[in-house]
Amino acid sequence: MPLFCLNKAKYQLLLLPHTNNNFVTTLKTKNPTFKHAENLFFSSFFNKWRLVSSYRKVGFSFSTKAAAVAGVSSSSSSSSSSVIMESEKKGIKISESGDYSKELGIAVSVVQMACSLCQRVQESLVSKTNDQVQSKDDNSPVTVADWSVQATVSWMLSECFGSRNISIVAEEDVQSLSQFDSIGLLEAVVKTVNECLAEAPKFGLNCPVRALGATEVLEAISRCNSTGGPKGRHWVLDPVDGTLGFVRGDQYAVALAMIEDGEVVLGVLGCPNYPMNKEWLNYHHRYYWMMSKLSPPTSESWEKGCVMYAKRGSGEAWMQPLVQTNTKYVWPNSARAIQVSLIDDPALATFCEPVEKANSSHSFTAGLAHSVGLRKQPLRVYSMVKYAAIARGDAEIFMKFARAGYKEKIWDHAAGVIIIQEAGGVVTDAGGRPLDFSKGIFLEGLDRGIIACSGAILHEKIIGAVYASWDSSNL
Ligand SMILES: Nc1ncnc2c1ncn2[C@@H]1O[C@H](COP(=O)(O)OS(=O)(=O)O)[C@@H](OP(=O)(O)O)[C@H]1O
Ligand SMILES: [Mg+2]
């Protein structure tokens with residue numbers, strides 16, 4: 001590892017991947033049940049259909065195609081919102097019903113803004129010891145970034161589409177922030193939101209005419225109190241997905257999706273620390289951060305950060321680099337198409353899973369991996385960056401098996417699922433059925449766990465292994 005030879009054993013240890021090899025569990029194989037056969041048939045049909053649409057050459061095509069996906073045109077149309085006017089000037093077409101071009105264009109700009117906010121806050125967390133981390137009721141750390149992103153995205157979407165017309169389902173609630181002993185935190189959030197909104201023109205959006213006050217910020221956060229459901233249009237936001245990764249200076253994501261009549265129709269995933277050199281996904285981002293400080297800042301090997309997006313039924317998913325300081329964002333910002341990996345041999349495939357054992361059973365997935373012949377170490381990555389890794393072709397499988405009783409939330413999956421599907425992959429529950437985003441904030445009816453794969457062959461193998469081993473597992 002010449003890159004890491006700092007002649008200090010300490011550093012070599014630090015640079016070890018934060019993954020363990022747990023390929024030791026052996027499983028008793030059982031015959032598939034009738035339900036298994038039925039679900040395999042279902043998933044196989046579904047997968048083949050997906051596969052047919054995904055087996056095409058995408059390569060590195062640039063801007064014009066990405067622009068077409070988002071409906072970019074030079075046409076203008078009348079609109080009362082100044083933010084929309086600005087978007088139109090940028091070339092984002094006002095969408096007709098079912099087109100979603102305007103929504104996609106604005107969502108991508110807003111996520112770019114949110115990523116820039118998060119980067120600033122995370123830099124300050126990584127470089128100093130922080131007093132910006134709070135405890136939520138469930139003891140997970142919550143940061144200024146969570147609330148600030150939620151306020152910013154909510155304010156921007158309300159400006160663009162009208163606060164009365166908009167339904168937003170988002171992770172954070174306003175309670176702990178509005179308590180009297182949170183004044184310092186609220187001040188920090190208001191400051192962070194205003195700093196971010198002041199930069200809106202750089203992202204082709206309009207900033208408020210004057211800085212927002214605390215009441216307006218709290219209002220913007222609490223406006224995200226929708227519970228979604230089977231009818232109508234709902235935006236779904238995870239302001240900082242992978243809070244643990246964020247506070248540890250590692251991977252996290254800003255995830256924004258749009259659900260219409262229970263179906264995810266748009267997904268935007270900002271991954272500010274996603275390394276363009278995929279090998280770095282194996283390492284704790286803190287070391288990447290440290291190395292990038294040591295080596296020249298212009299070095300291409302440290303290039304990181306992207307926003308991925310997709311629109312339902314387009315059969316295409318796209319990735320833009322993050323907007324750099326002093327650069328103006330111009331849609332579609334050198335977007336390039338992304339596609340899932342074509343590897344279907346388990347021995348060559350990489351599987352991802354949550355870092356925390358508490359969030360997914362590492363021993364069960366190690367057993368599955370062993371039984372289908374996966375040989376590589378699991379890639380443990382925080383947040384929906386795991387979905388991004390599959391969509392970009394950097395890994396082939398993502399598995400999550402939460403403990404019994406835990407209900408998965410729609411904001412932890414919506415954006416990632418549609419991006420993988422449009423990039424040519426398959427996402428289902430462990431019974432082979434599509435995830436149901438129509439039932440409110442939870443993925444109700446989820447069968448055991450979530451399986452996302454680059455293609456049908458690996459997907460069928462994993463689903464088969466789940467059926468074969470579930471009854472003997474202690475899940
Ligand atoms: N007990 C339990 N079981 C399963 N899942 C849980 C659990 N608790 C939380 N969560 C949700 O998992 C989100 C983090 O998932 P990750 O895949 O990033 O997990 S990990 O941090 O890498 O371990 C995390 O999202 P964030 O809160 O945005 O970080 C939670 O929504
Ligand atoms: Mg989350």
Side-chain angles (χ1 to χ4, degrees), residues 17-20 22 111 114-115 118 121-122 125 133-150 153 169-173 176 224 236-257 267-274 281-286 351-365 378-390 395 397-417 420 427 429-430 435 437 441-443 446 448-452 475:
H18 57 78
T19 51
N20 295 317
N22 285 328
V111 168
C115 288
C118 289
V121 179
Q122 199 189 43
L125 285 175
V133 183
Q134 267 246 145
S135 245
K136 244 199 298 202
D137 291 348
D138 63 0
N139 286 330
S140 67
V142 157
T143 63
V144 167
D146 272 305
W147 279 303
S148 303
V149 168
Q150 188 161 316
V153 173
V169 187
E171 185 170 18
E172 301 307 327
D173 68 56
S176 43
C224 306
V236 180
L237 171 70
D238 194 338
V240 180
D241 178 50
T243 330
L244 272 179
F246 181 79
V247 297
R248 291 176 182 172
D250 208 299
Q251 297 297 331
Y252 64 97
V254 175
L256 182 61
V268 184
L269 203 50
C271 307
N273 283 339
Y274 198 108
L281 271 176
N282 278 312
Y283 300 98
H284 190 297
H285 190 77
R286 210 179 176 104
F351 90 86
C352 314
E353 64 181 344
V355 176
E356 299 291 310
K357 278 195 208 118
N359 289 351
S360 178
S361 168
H362 288 177
S363 55
F364 185 62
T365 52
L379 184 60
R380 294 194 177 131
V381 183
Y382 295 104
S383 81
M384 257 183 272
V385 163
K386 292 182 277 294
Y387 281 105
I390 309 289
I397 299 163
F398 162 46
M399 301 190 257
K400 180 176 179 188
F401 291 89
R403 61 170 164 72
Y406 179 78
K407 285 166 93 173
E408 296 286 352
K409 323 273 194 333
I410 55 173
W411 54 72
D412 281 324
H413 304 281
V417 168
I420 290 194
V427 188
D429 66 17
L435 309 190
F437 290 92
I441 67 171
F442 298 109
L443 288 176
L446 185 89
R448 293 169 286 185
I450 292 173
I451 314 283
L475 289 175

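All ligand and atom numbering here is 1-based and tracks the order in the structure.
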- Query: Hey, which atoms in ligand 1 end up nearer than 4.0 Å to a heavy atom of Lys386?
  - Reply: 16 (P), 17 (O), 18 (O), 22 (O)
- Task: Indicate yes or no for a side-chain donor-acceptor contact from His362 to the backbone of Pro354 under 3.5 Å, with no hydrogens or angles considered.
- Result: yes
- Any sub-3.5 Å donor-acceptor pair from Gln251's side-chain atoms to Val385's backbone N or O? no
- Item | Of the listed options Asp146, Asn359, Thr243, Ile450, closest to atom 19 (O) of ligand 1 (non-hydrogen atoms) | Asn359
- Checking ring-ring contact (aromatic ring centres under 6.0 Å, His included) for the pair Tyr252/Tyr382: CA distance, chi angles, key distance, verdict? CA-CA 6 Å; Tyr252 64 97; Tyr382 295 104; over 10 Å; no
- Task: Could you tell me whether Arg403 and Glu408 make a salt bridge, using a distance below 4.0 angstrom between a side-chain N and a carboxylate O?
- Result: no
- Query: ligand 1 and Glu171, any nitrogen or oxygen pair closer than 3.5 angstrom?
  - Reply: yes
- Message: As an exercise, state the distance from CD of Glu171 to SG of Cys224, rounded to the nearest 0.5 Å.
- Response: 11.5 Å
- CG of Asp412 to CG of Asp238: how many Å apart, nearest 0.5 Å? 5.0 Å
- Would you mind listing which atoms of ligand 1 come within a distance below 4.0 Å of any non-hydrogen atom of Ala402? 3 (N), 4 (C)
- Atoms of ligand 1 under 4.0 Å from any heavy atom of Arg403, numbered from 1 in the order shown, are 1 (N)
- Message: Test of understanding: given a 4.0 Å heavy-atom threshold, classify the contact between Tyr406 and ligand 1 as side chain, backbone, both, or neither.
- Response: side chain
- Within 4.0 Å of some non-hydrogen atom of Val381, the atoms of ligand 1 are 22 (O)
- Message: Once rounded to the nearest 0.5 Å, what's the spacing between atom OG of Ser361 and atom CZ of Phe401?
- Response: 8.5 Å
- Item | Of all N/O/S atoms in Asp412, the name of the one nearest the Mg ion (ligand 2) | OD1
- Which atoms of ligand 1 sit under 4.0 Å from any heavy atom of Ala358? 1 (N), 2 (C), 3 (N)
- Between Asp238 atom OD2 and Asp241 atom OD1, the angle centred on the Mg ion (ligand 2) rounds (to 10°) to 90°
- Note on the structure: The atoms of ligand 1 lying under 4.0 Å from a heavy atom of Val240, numbered in the order shown, are 28 (O)
- Message: Distance under 4.0 Å to a non-hydrogen atom of Val355: what atoms of ligand 1 satisfy this?
- Response: 20 (S), 22 (O), 23 (O)
- Query: Got a donor-acceptor contact below 3.5 angstrom from the Asn273 side chain to the Asp250 backbone?
  - Reply: yes
- Message: Heavy atom to atom 12 (O) of ligand 1, shortest distance: which of Lys400, Lys409, Arg380, Glu408 holds it?
- Response: Lys400
- To atom 31 (O) of ligand 1, the nearest of Val385, Asp238, Asp412 on a heavy-atom basis is Asp412
- Message: Heavy atoms only, cut-off 4.0 Å: how does Ser360 contact ligand 1, side chain, backbone, both, or neither?
- Response: neither
- Under a 4.0 Å heavy-atom limit, does Met384 contact ligand 1 with its side chain, its backbone, both, or neither? neither
- Query: Hey, is the main chain of Asp173 close enough, under 3.5 Å, to the side chain of Trp147 for a donor-acceptor pair?
  - Reply: yes
- Query: Looking just at side-chain N and O atoms, do Thr365 and Glu353 make a donor-acceptor pair shorter than 3.5 Å?
  - Reply: yes
- Message: Just verifying a value: how many Å separate Cys352 SG and Arg380 CZ, rounded to the nearest 0.5 Å?
- Response: 11.5 Å
- Message: Show the atoms of ligand 1 that are less than 4.0 angstrom away from any heavy atom in Gly242.
- Response: 26 (P), 28 (O), 29 (O)
